[in-house]
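The first residue of the sequence shown is numbered 1, and numbering continues consecutively from there.
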Amino acid sequence: MSGRLSSVVLFGLVVIATSMGCSVKEDRSGCPCVLMLDFSRVDTDRYDSAFLGLLSADGFLHRYVLDNGMYGEPYRVEVPKNGIWVNVCSVESGYDDLSGMLVPDWAGLHIPDGEECPPVNMFSAYVDTAAETVTVPVVLYKNYCVLSVEMVADVPADFIIAIEGNVCGYGKDGAPVPGNFRVVPGLDEKGCCSVRIPRQVDSSLRLVISDGDGVLREFSVGEYIIESGYDWGTDSLEDVDIKIDYAKADVTLVINDWEATFDINVEI
């Protein structure tokens, strides 16, 4: 009888040991995703800080400002598993605070009427977060173009030069947002000025010369820029130099080492 009992006990111990060795897979479908943002490629000398905005379709919102001392370690945050918009904005060292131009949820940037585009460098991406951990490398791209204008021939002192366009900022996906853009830069003693403009989507950019009585000439600089082969879709935008001979009525574009001259179609 004792031998039979020992066998039963031994069998029970084996069953218990076997069940302990097995594991029931935990249901983690309701757990958040750990998003790891890798800032190691961001230049600590060039960017003092970075504005981070995370936004999901279900209303999740996370905002944070990272100083350049935090770029060396991944930034870790728990996010929903139904996908997330990641937006990182930064300006080059020496520029004033960018926060006044960021939309309330930091998922985009709005340029107020009369102001030029800030020297903003951006990273925007939609990230699939249907996993326990996702790592995203952050690479900032130059999202503005410095348009430098030189008036070759003298223009009267009362002339007003304005740069006008149809893009007023960027959305949560980093794409240009339609809206009025107008900046009136002052010419220096050499007849030169420069304006930072946002990424364009068409050829609508204009340079308008006027006086107190109205518009005198309107130059379709957006068309000349596109005709030159300039690519508004590249990751980091190049700068553009424009020389306008007001007397001869022609426009010269210089992009890096490339140069071309166009006849002006005057539009009033």
Side-chain angles (χ1 to χ4, degrees), residues 89 91-98 100-102 109-122 142-170 176-228 230 232 236-256 259-262 264-268:
C89 297
V91 291
E92 297 171 16
S93 299
Y95 184 77
D96 292 338
D97 187 10
L98 179 67
M101 291 191 183
L102 295 173
L109 182 147
H110 174 74
I111 305 169
D113 187 32
E115 296 191 30
E116 59 185 327
C117 182
V120 64
N121 294 260
M122 299 177 66
K142 181 173 175 281
N143 219 7
Y144 68 97
C145 165
V146 177
L147 179 66
S148 298
V149 179
E150 177 183 355
M151 302 299 294
V152 177
D154 292 337
V155 295
D158 61 343
F159 276 16
I160 299 173
I161 292 181
I163 306 296
E164 301 178 353
N166 297 323
V167 175
C168 68
Y170 300 100
V177 171
N180 293 329
F181 175 85
R182 187 175 189 271
V183 179
V184 181
L187 293 174
D188 62 18
E189 65 278 2
K190 296 181 180 179
C192 300
C193 66
S194 64
V195 175
R196 291 187 302 268
I197 58 177
R199 188 181 298 270
Q200 301 294 292
V201 296
D202 54 26
S203 60
S204 62
L205 194 69
R206 302 171 301 280
L207 186 149
V208 180
I209 298 178
S210 60
D211 61 10
D213 296 326
V215 175
L216 299 174
R217 282 188 175 178
E218 181 173 318
F219 303 103
S220 300
V221 293
E223 294 183 5
Y224 306 133
I225 291 174
I226 290 179
E227 191 172 343
S228 73
Y230 187 90
W232 287 109
S236 289
L237 295 175
E238 294 181 294
D239 296 332
V240 176
D241 295 334
I242 294 182
K243 296 180 181 179
I244 297 180
D245 193 323
Y246 191 79
K248 293 181 179 179
D250 61 26
V251 173
T252 299
L253 263 68
V254 180
I255 304 172
N256 288 333
E259 181 174 325
T261 300
F262 302 89
I264 293 176
N265 295 319
V266 179
E267 300 176 5
I268 301 299

Fill in the blank from the handout: Heavy atoms of Pro118 and Leu109 approach each other most closely as CG-CD1, 4.1 Å

Problem - Intermediate values then yes/no, side-chain contact (heavy atoms from CB on, under 4.5 Å), Cys145 and Val240 - result: CA-CA 7 Å; Cys145 165; Val240 176; 3.9 Å; yes

Would you give me the side-chain donor-acceptor pairs under 3.5 Å for residues 183-197, sequence neighbours excluded?
unit_1, atom_1, unit_2, atom_2, d
Asp188, OD1, Lys190, N, 2.9
Asp188, OD1, Gly191, N, 3.1
Asp188, OD1, Cys192, N, 2.8
Arg196, NE, Cys117, O, 2.6

Practice task
Show your working on side-chain contact (heavy atoms from CB on, under 4.5 Å) between Val146 and Glu116 and close with a plain yes or no.
Solution key: CA-CA 10 Å; Val146 177; Glu116 59 185 327; over 6 Å; no

Fill in the blank from the handout: Rounded to the nearest 0.5 Å, the CD atom of Glu150 sits from the CD1 atom of Ile242 at a distance of 11.5 Å

Practice task
Could you tell me whether the side chain of Gln200 and the main chain of Pro198 form a donor-acceptor pair under 3.5 Å?
Solution key: yes

Exercise for the section: Check whether any side-chain heavy atom of Arg182 sits under 4.5 Å from a side-chain heavy atom of Asp113, and report yes or no. Expected result: yes

Practice task
Please name all residues satisfying side-chain contact (heavy atoms from CB on, under 4.5 Å) with Asn121, sequence neighbours left out, ordered by chain then number.
Solution key: Arg46, Tyr47, Glu92, Leu140, Lys142, Tyr144

Exercise for the section: For residues Met151 and Ile161, determine if any side-chain heavy atom of one lies less than 4.5 Å from a side-chain heavy atom of the other. Expected result: yes

Problem - Contact check, side chains of His110 and Cys168, non-hydrogen atoms, under 4.5 Å - result: yes

Practice task
Locate the shortest heavy-atom distance separating Val167 from Arg199; write the atom from each residue and the value.
Solution key: CG1-O, 3.5 Å

Problem - Any donor-acceptor N/O pair, Tyr224 side chain to Phe219 backbone, under 3.5 Å - result: no

Practice task
Indicate yes or no: at least one non-hydrogen side-chain atom of Leu147 is less than 4.5 angstrom from one of Leu207.
Solution key: no

Handout entry: Validation row: Trp232, Ile226 side chains within 4.5 angstrom (heavy atoms)
Key = yes

Practice task
Decide if atom CG of Asn180 counts as having more than 12 heavy atoms of other residues, nucleotides or ligands within a radius under 6.0 Å.
Solution key: no

Problem - Side-chain donor/acceptor of Tyr170 to backbone N/O of Asn143, under 3.5 Å - result: yes

Completion exercise
dist Ser210:OG -> Arg217:CZ (nearest 0.5 Å) comes out at 13.5 Å

